Student: 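First the structure, which I've put down as structure tokens, then a few questions once you've had a look.
Worth saying up front: this structure is predicted, and the values here are computed from it rather than measured. To find a chain, count down the sequence lines: A is the first, B the second, and so on, and within it residues start at 1.
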2 protein chains.
Amino acid sequence: MSPTLEEVARLASVSRSTVSRVINDHPNVRAETRERVWKAIRQSGYQPNVVARSLVTNRTQIISVIIPESVTTLFTDPFFSLLLRGTTETCNAHQYHLMLSLFTAKADRHEMYQRVLHSGYLDGAVVASTTLDDPLIPDLLHDHVPFVSIGRYPDDRVHYVDVDNVGGARMAVEHLIRLGHRRIATIAGPLSMTSGQDRLNGYQQALEARRIPIDDALIVEGDYTEPSGGVAVHQLLPAEPTAIFAASDIMAIGVLKALREAGLRVPQDISLVGFDDIPTASAVEPALTTVRQPIERIGSVAVEVLLSVLEDTPSENPTTHRLVLPTELVIRASCSAVSNG
Amino acid sequence: MSPTLEEVARLASVSRSTVSRVINDHPNVRAETRERVWKAIRQSGYQPNVVARSLVTNRTQIISVIIPESVTTLFTDPFFSLLLRGTTETCNAHQYHLMLSLFTAKADRHEMYQRVLHSGYLDGAVVASTTLDDPLIPDLLHDHVPFVSIGRYPDDRVHYVDVDNVGGARMAVEHLIRLGHRRIATIAGPLSMTSGQDRLNGYQQALEARRIPIDDALIVEGDYTEPSGGVAVHQLLPAEPTAIFAASDIMAIGVLKALREAGLRVPQDISLVGFDDIPTASAVEPALTTVRQPIERIGSVAVEVLLSVLEDTPSENPTTHRLVLPTELVIRASCSAVSNG
DNA sequence: GCGTTTCTTGGGAGCGCTCCCAAAAGTATT
DNA sequence: AATACTTTTGGGAGCGCTCCCAAGAAACGC
């Protein structure tokens, strides 16, 4: 199929080594020779065989985005599309290839882990939003696979890129407080995920800062799915909240539907804030006030961090990279001032 | 890091070749020897180096899902998430790896094509929804890269998996006709895509079957994006349609918003049908009547077809695989019988 | 028991590349 | 012009595997 180094070498009347030097931009090649070799390369349509190269360099220029079993049910969430877009874009820019590994529940986890991670194909991995009880990150640490986590992970050795979940949640709740709400409920994300914990934390901080007592009847844990939002509403309504902060837009949409069915109007009867700013957030009626996180950016930055880790000589100081990107409150139509009634 | 064949061989007091035979399930190994080798493999935690293997077999067990430049703007469409889910699932089942290649506009297309396709990493590719003027498929054909197209492609040599776009569109429009509508507009998909053409075709067929004249003022071409739905509505309203068939849910949502702004109610003033049945379709108010296509299935089947092509001995009869999966009408709340006014 | 066939095993060659070392060529220094 | 240094070039070795061939072991027939 494609010619080999040796063939190009013959064509240019030089040795294999010289062609290799030209291809790899090695400085010590006479300009004239370099010229001649390039001509031969172009003429023959030579493409280096990356597999052969990988065999000797031990580098493949492939990184993987791993989405763990525990969250594959959420995979259709636009969050992941945007994340993938950010990661691929950056991979492209750095001439890396991106492999996608969804650790679906069906497959035998262990088999899959072995096959994907010990295949020898991966230089490193980006791990998207694990739960704290997922063995994936511990396994990766144990096997010394270079990786970056999307989302905070409580271990000193883990590089991560996260968004300011605490701050974002705080902003959302402060917004509701500013509108006069005092009975503000929250549908938290899964507390097995740091994002779930952090957003709940932000909610609590905002209330405490204004000395509004925290009422456990106003806190329900969801799981970032739409039905869980609907279920949560029914648990919350008896506590008579005037506003709800849902820890994800998907859940907020579930809330919206459930409220509609219960005959309550948003925002007249109850205000609602989401989190994420997925495209649907602006499509629903009323358009959702939410906290925007730069998802595509996160993916992009995660890859950048990973590549910098990969390029580092491994011997030296093992600084852990931890980046937290800002969030932003997007005000739309789902909140109103509390009625003075 | 991982031990090599040779080391396992030493451990089991056999030769490299024998271990290779055991790993590859070659029959001619004495049961006792096989046993001993497996023990050595487990003991040493041996994992075959797939790169070395690929170098000699010329197979990588990697396939790529390529999403061409022309549609990367649509990438956040849940369509792609579902497609990816189907493809990865099937890859996993067959022990293949999946590479994701988004041909983003930013990168130099040619450079990228070369790097991705001539990297030597790919055994084959699944190409998602190209436009007809995209040079990707012609290039793949020219370079003899094994691939399967998602969506019909008018070339005898192209394997493809498609859904019954014509039939789906026909069903949608027939549904509207059954409700008494006669002035039915359509917002077509891009006519540079076969799905766009086919859905328009189905629309026309349904009308013709009922001898309803086709009025060009009731046909507008969109591009599968939400804003294009909104724009199209304004072009259509002067023609006074009582129903609109949008060739994608995303566009239908754009329509919904635009109608709302124009003070028209769905379905009382105007009925609306979409296509795709993305998750948002059921989230909007009113929930969208739409044509469901088995997106995940398509991805899964496409990979299966690709693998069967890869496993075929290339010499024999080059039958082209062409599969068309059925669509299904999902009736929700966005259509009503035409008012006798 | 011996030739013949079949099963099992070992080792050489080679996939296409990079890396290292040494030889050759070129340049500078005296 | 001879020495010392630097730059440029070629070729061997080897990455870890598979595949092929041949040799040795086992099984079979008469």
Side-chain angles (χ1 to χ4, degrees), chain A residues 1-41 44-62 95 114-115 118-123 313, chain B residues 1-41 44-62 95 97 115 118-123 313:
Chain A
M1 174 136 164
S2 191
T4 75
L5 256 197
E6 207 87 43
E7 281 157 17
V8 176
R10 210 172 312 129
L11 202 67
S13 316
V14 293
S15 77
R16 181 171 31 99
S17 302
T18 302
V19 180
S20 173
R21 283 187 198 101
V22 171
I23 284 282
N24 294 298
D25 237 17
H26 210 84
N28 289 350
V29 179
R30 207 168 5 135
E32 186 213 321
T33 314
R34 183 184 301 275
E35 190 75 2
R36 193 152 35 105
V37 170
W38 269 121
K39 209 166 119 194
I41 291 173
S44 60
Y46 172 73
Q47 282 288 129
N49 180 320
V50 289
V51 175
R53 179 183 282 170
S54 294
L55 182 58
V56 34
T57 59
N58 253 313
R59 294 309 233 56
T60 58
Q61 310 280 107
I62 299 176
Q95 322 256 73
Q114 290 292 330
R115 193 165 50 81
H118 294 291
S119 64
Y121 275 141
L122 300 186
D123 284 350
T313 49
Chain B
M1 176 136 162
S2 193
T4 75
L5 257 197
E6 207 87 43
E7 281 158 17
V8 176
R10 210 173 311 130
L11 202 66
S13 315
V14 293
S15 77
R16 184 172 26 103
S17 303
T18 302
V19 181
S20 174
R21 284 189 197 97
V22 171
I23 284 282
N24 294 300
D25 238 15
H26 211 83
N28 290 349
V29 179
R30 199 158 23 122
E32 186 213 321
T33 314
R34 184 183 299 275
E35 191 74 2
R36 194 155 33 112
V37 170
W38 269 121
K39 210 167 118 192
I41 290 172
S44 60
Y46 173 73
Q47 282 289 130
N49 179 322
V50 288
V51 175
R53 179 182 284 170
S54 295
L55 183 58
V56 33
T57 58
N58 253 315
R59 294 308 233 57
T60 58
Q61 310 280 106
I62 299 176
Q95 323 256 71
H97 297 271
R115 191 164 53 80
H118 294 292
S119 64
Y121 275 141
L122 301 185
D123 284 351
T313 50

Student: Between the side chain of A/Asp123 and the main-chain N/O of A/Thr60, is any donor-acceptor distance below 3.5 Å?
Tutor: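 Yes: the side chain of A/Asp123 pairs with the backbone of A/Thr60.
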
Student: Have a look at A/Ser54 and say if it touches a base, only the backbone sugar-phosphate, or nothing, with a 4.0 Å heavy-atom cut-off.
Tutor: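 No contact at all - A/Ser54 keeps every heavy atom at 4.0 Å or more from the nucleic acid.
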
Student: Round to a whole Å and report the spacing from NE2 of A/His26 to P of C/dT18.
Tutor: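 Answer to the nearest Å: 12 Å.
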
Student: Answer with base, sugar-phosphate or nothing: what part of the nucleic acid does B/Ser17 contact at a heavy-atom distance below 4.0 Å?
Tutor: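 Base, at least one base atom sits under 4.0 Å.
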
Student: Under the criterion side chain to side chain contact (heavy atoms under 4.5 Å, CB included), I'd like the reasoning laid out for A/Ser2 against B/His118: C-alpha separation, chi angles, the key distance, then a yes or no.
Tutor: CA-CA 9 Å; A/Ser2 191; B/His118 294 292; over 6 Å; no

Student: Among D/dG16, C/dT9, C/dG16, which nucleotide sits nearest the side chain of B/Val29?
Tutor: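 The listed nucleotide nearest to B/Val29's side chain is C/dT9.
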
Student: Can you tell me the distance, in whole Å, between the CD1 atom of A/Ile23 and the C1' atom of C/dC19?
Tutor: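 The answer, rounded to whole Å, is 16 Å.
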
Student: For DNA chain C, whose closest nucleotide is more 5', that of B/Val14 or that of A/Glu6?
Tutor: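 Upstream on the strand: B/Val14.
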
Student: How would you label the contact of A/Val50 with the nucleic acid (heavy atoms, under 4.0 Å): base, sugar-phosphate, or nothing?
Tutor: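 Answer is nothing: A/Val50 stays at 4.0 Å or more from every strand.
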
Student: Using only side-chain N and O atoms of A/Ser15, determine if any of them is under 4.0 Å from OP1 or OP2 of D/dG10.
Tutor: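 Looking at the OP1 and OP2 atoms of D/dG10, one of them is under 4.0 Å from a side-chain N or O of A/Ser15.
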
Student: Between C/dT9 and B/Thr18, is there an OP1 or OP2 to side-chain N/O distance shorter than 4.0 Å?
Tutor: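 For B/Thr18, the contact criterion (side-chain N or O under 4.0 Å from OP1 or OP2 of C/dT9) is not met.
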
Student: Is there a side-chain contact between B/Tyr46 and B/Ile23, using heavy atoms and a 4.5 Å cut-off?
Tutor: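 When only atoms from C-beta onward are counted, B/Ile23 and B/Tyr46 do touch, with a gap below 4.5 Å.
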
Student: Judged by atom type as modelled, is there a donor-acceptor pair below 3.5 Å linking the side chain of A/Thr57 to the main-chain atoms of A/Arg53?
Tutor: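 Flag set: sc A/Thr57 to bb A/Arg53 pair under 3.5 Å.
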
Student: Hey, does B/Asn49 reach any base, or is it just sugar-phosphate, or nothing, if we go heavy atoms under 4.0 Å?
Tutor: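 Sugar-phosphate: the residue B/Asn49, judged by heavy atoms under 4.0 Å, touches backbone atoms but no base.
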
Student: Between B/Arg34 (CZ) and C/dC7 (P), how many Å, whole number?
Tutor: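 Atom CZ in B/Arg34 sits about 14 Å away from atom P in C/dC7.
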
Student: For the pair made of NE2 in B/His118 and P in C/dG16, what is the distance, rounded to whole Å?
Tutor: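 My rounded result for the distance is 17 Å.
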
Student: Which nucleotide sits closest to the side chain of B/Thr4: D/dT18, D/dC17, C/dT18?
Tutor: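 Side chain of B/Thr4 sits closest to D/dC17.
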
Student: Taking the nucleotide of DNA chain C with the nearest heavy atom to each, does B/Arg36 or A/Arg53 sit closer to the 5' end?
Tutor: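 That would be B/Arg36.
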
Student: Take the protein atom CG of A/Asn58 and the nucleotide atom P of C/dC19, then report the distance between them rounded to whole Å.
Tutor: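 Checked: the CG to P distance equals 11 Å.
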
Student: In this structure, how many angstroms lie between the P atom of D/dG16 and the OH atom of A/Tyr121, rounded?
Tutor: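 One finds 16 Å between P of D/dG16 and OH of A/Tyr121, rounded.
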
Student: Indicate, yes or no, whether a donor-acceptor pair under 3.5 Å links the base of C/dG10 to the side chain of B/Arg21.
Tutor: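 Present.
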
Student: Does C/dC7 have OP1 or OP2 under 4.0 Å away from a side-chain N or O of B/Asn28?
Tutor: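 Answer is no, no contact under 4.0 Å.
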
Student: Does a side-chain N or O of B/Arg16 approach OP1 or OP2 of C/dG10 to a distance below 4.0 Å, or not?
Tutor: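 The answer is no; no side-chain N or O of B/Arg16 sits under 4.0 Å from OP1 or OP2.
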
Student: Pick base, sugar-phosphate or nothing for A/Asn24, based on heavy-atom distances below 4.0 Å to the nucleic acid.
Tutor: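 Contact class for A/Asn24: sugar-phosphate only.
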
Student: Any side-chain heavy atom of B/Gln61 within less than 4.5 Å of one from B/Val50?
Tutor: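 Result no, sub-4.5 Å side-chain heavy-atom pair not found.
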
Student: Taking the side chain as C-beta and beyond, is there a heavy-atom pair between B/Arg21 and B/Thr33 under 4.5 Å?
Tutor: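 When only atoms from C-beta onward are counted, B/Thr33 and B/Arg21 do not touch, as no gap falls below 4.5 Å.
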
Student: Let me know the distance between CG of B/Leu5 and P of C/dG12, rounded to the nearest Å.
Tutor: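 It is 16 Å, rounded to the nearest whole Å.
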
Student: Mind calculating the distance between CZ (B/Arg30) and P (D/dG24) to the nearest angstrom?
Tutor: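 It is 16 Å, rounded to the nearest whole Å.
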
Student: Does the side chain of A/Thr33 get closer than 4.0 angstrom to OP1 or OP2 of D/dT8 through an N or O atom?
Tutor: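 Negative; the distance criterion is not met.
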
